[in-house]
Amino acid sequence: MNSKEISIKSNELDKAEETLKFLLEQKKEYISNSKAKNTVKSYSSDWQHFTQWCKHNQLGYLPTNDENYSLYLSSLAIEGYRVSTIRRRMSSIAQAHLVAGHPSPTTAHIKVVWAGIRRVHGASEIGKLPVVIDILKLMLNELPDKLQGIRDRAVLLIGFAGAFRRSELVSLDIEFVSIVREGLIIQLNKSKTDQEGKGESIGIPYGSFEETCPVRAYIDWIQAANLKSGPVFRSINRHNQVSQSRLSDKSVALIVKRYVNEAGLDEKLYAGHSLRAGLATTAAMLGKSERAIMDQTRHRSEAMVRKYIRMGSIFKENAASNIGL
């Protein structure tokens with residue numbers, strides 16, 4: 001092989017190496033974009049917690065091994081972290097290994113440790129309570145007679161009737177809300193269960209009573225705030241001026257907690273998710289079908305919805321009722 005052929009061969013190898021490097025970076029980019037922004041933020045925080053714990057204990061973390069990883073999981077359980085939080089951290093750690101080109105650290109040994117953690121700590125785990133319809137009405141009674149009250153009524157009623165996640169609720173734009181004869185049709189362009197952004201349409205029917213009607217609450221808010229386009233739910237400053245920027249998902253939780261507290265209930269037992277859980281639980285209490293509840297909540301897991309149905313029907317046709325006690 002002469003020098004010219006060697007030079008050509010070398011250039012070809014360099015180009016192949018550059019191509020592979022580019023493809024590797026693209027793969028990482030696609031992986032990072034496979035999750036919603038809030039999920040990516042949680043993954044980053046979880047991974048940071050894991051790496052700091054490993055560094056503090058002088059243990060390797062990328063890739064980790066069975067011993068180090070099982071010790072970390074055990075420490076989380078002992079320190080009182082919820083099983084759901086530990087599960088999410090495991091997903092974050094697996095994701096970080098995947099992005100770095102390492103196999104998932106969830107080996108057979110780790111699965112055994114995880115099963116033990118769930119068995120010991122999972123049974124007593126208590127989630128936040130749902131805001132069922134009666135509690136929602138108590139909260140609505142506490143709304144202030146000003147622009148903030150008009151907005152918060154819409155937040156609570158739309159969040160409840162649409163069974164929206166916090167991130168979904170604050171992502172709503174006026175351009176994707178249609179007022180029709182039956183109520184509202186809201187186009188949700190992206191959600192936790194629709195990572196590819198295909199979009200879903202959610203129907204919000206008119207309520208029977210003006211003060212609890214989500215459709216009227218929406219119309220009252222956009223008219224009072226003089227909104228024509230952009231984010232539906234926005235912050236309001238102390239001068240009663242409506243911001244151009246949308247509310248954060250944390251704001252939804254704060255709104256729920258504020259009115260739960262003012263209604264005389266323990267705000268620690270409720271969260272932003274309580275609106276979504278409240279619709280599912282209330283619908284189950286009123287005998288709505290599993291399919292109808294899943295269509296509105298957009299749950300993909302029947303098992304998850306059945307937890308709400310169980311909660312909503314726990315005293316319905318109860319074997320201990322009306323037996324002479």
Checklist entry - Between atom CG of Asp152 and atom CG of Leu143, what is the distance when rounded to the nearest 0.5 Å? => result 6.5 Å
Next on the checklist: Is there a path of hydrophobic side-chain contacts, each under 4.5 Å between heavy atoms, that joins Leu254 and Ile135?
Outcome noted: no
Checklist entry - Distance-only, no hydrogens or angles: does the Glu210 side chain make a donor-acceptor pair with backbone N or O of Arg216 under 3.5 Å? => result no
Next on the checklist: Under the criterion side chain to side chain contact (heavy atoms under 4.5 Å, CB included), I'd like the reasoning laid out for Met90 against Ile110: C-alpha separation, chi angles, the key distance, then a yes or no.
Outcome noted: CA-CA 10 Å; Met90 291 177 69; Ile110 296 301; 4.0 Å; yes
Next on the checklist: Is it the case that atom CD in Glu79 sees more than 12 heavy atoms from other parts of the structure closer than 6.0 Å?
Outcome noted: yes
Checklist entry - Does the Asn57 side chain pair with the main chain of Trp53, one donor and one acceptor, at a distance under 3.5 Å? => result yes
Checklist entry - For the atom pair CG (Leu76) and CZ (Arg87), what is the distance rounded to the nearest 0.5 Å? => result 13.5 Å
Checklist entry - So Ile185 and Ile202, side chain to side chain contact (heavy atoms under 4.5 Å, CB included) or not? Walk me through it. => result CA-CA 6 Å; Ile185 297 177; Ile202 296 97; over 6 Å; no
Item to check | Contacts of type ring-ring contact (aromatic ring centres under 6.0 Å, His included), residue Tyr61, not counting sequence neighbours | outcome: none
Next on the checklist: Could you see if Val112 belongs to whatever hydrophobic cluster contains Ile117? Use Ile, Leu, Val, Met, Phe, Trp, Tyr and a side-chain cutoff under 4.5 Å.
Outcome noted: no
Checklist entry - In chain order, what residues pass the salt bridge (Lys or Arg N to Asp or Glu O under 4.0 Å) check against Arg246, with sequence neighbours excluded? => result Asp173
Checklist entry - Any donor-acceptor pair under 3.5 Å linking the side chain of Lys288 with the backbone of Ile293? => result no
Next on the checklist: Quick check against the 3.5 Å criterion: does Arg276 have a side-chain atom that pairs as donor or acceptor with the backbone of Thr297?
Outcome noted: yes
Next on the checklist: Using side chain to side chain contact (heavy atoms under 4.5 Å, CB included), reason through His109 and Ser70 one step at a time and then give a plain yes or no.
Outcome noted: CA-CA 8 Å; His109 175 76; Ser70 60; 3.8 Å; yes
Item to check | SB check Arg298 Glu168 (cutoff 4.0 Å) | outcome: yes
Item to check | Side-chain donor/acceptor of Lys257 to backbone N/O of Tyr270, under 3.5 Å | outcome: yes
Checklist outcome for this item: Which of Asp134, Val132, Ile133 passes side chain to side chain contact (heavy atoms under 4.5 Å, CB included) with Met285? Answer is Val132
Checklist entry - Do Leu147 and Leu227 belong to the same hydrophobic cluster, where Ile, Leu, Val, Met, Phe, Trp and Tyr are linked whenever their side-chain heavy atoms lie under 4.5 Å apart, directly or via other members? => result yes
Checklist entry - Do the side chain of Ser251 and the main chain of Leu247 share a donor and acceptor less than 3.5 angstrom apart? => result no
Checklist entry - Do any N or O atoms from the side chain of Thr281 and from the backbone of Gly278 form a donor-acceptor pair under 3.5 angstrom? => result no
Checklist entry - Could you give the distance from NE2 (His273) to CZ (Phe164), rounded to the nearest 0.5 Å? => result 14.5 Å
Checklist entry - Would you say His102's side chain and Leu98's backbone share a donor-acceptor pair under 3.5 angstrom? => result no
Checklist entry - Any link between Ile179 and Phe176 through a network of hydrophobic side chains (Ile, Leu, Val, Met, Phe, Trp, Tyr) touching at under 4.5 Å? => result no
Checklist entry - How about Trp221 and Tyr218: are their ring centroids closer than 6.0 Å? => result no
Checklist entry - If only atom types and distance count, is the side chain of Glu175 paired as donor or acceptor with the main-chain N or O of Lys228 below 3.5 Å? => result no
Checklist entry - Checking Ser243 side chain against Arg234 main chain: does a donor-acceptor pair fall under 3.5 Å? => result no
Next on the checklist: Salt bridge check, Arg153 against Asp220: does any charged N sit closer than 4.0 Å to a carboxylate O?
Outcome noted: no
Item to check | Asp266, CG atom: more than 12 neighbouring heavy atoms under 6.0 Å | outcome: yes
Checklist entry - According to the interplanar angle, ranging from 0 to 90°, do the rings of Tyr69 and Tyr72 count as parallel (below 30°), tilted (30 to 60°) or perpendicular (above 60°)? => result parallel
Next on the checklist: Tell me whether Tyr81 shares a hydrophobic cluster with Phe50, the cluster being built from Ile, Leu, Val, Met, Phe, Trp, Tyr side chains joined at under 4.5 Å.
Outcome noted: yes
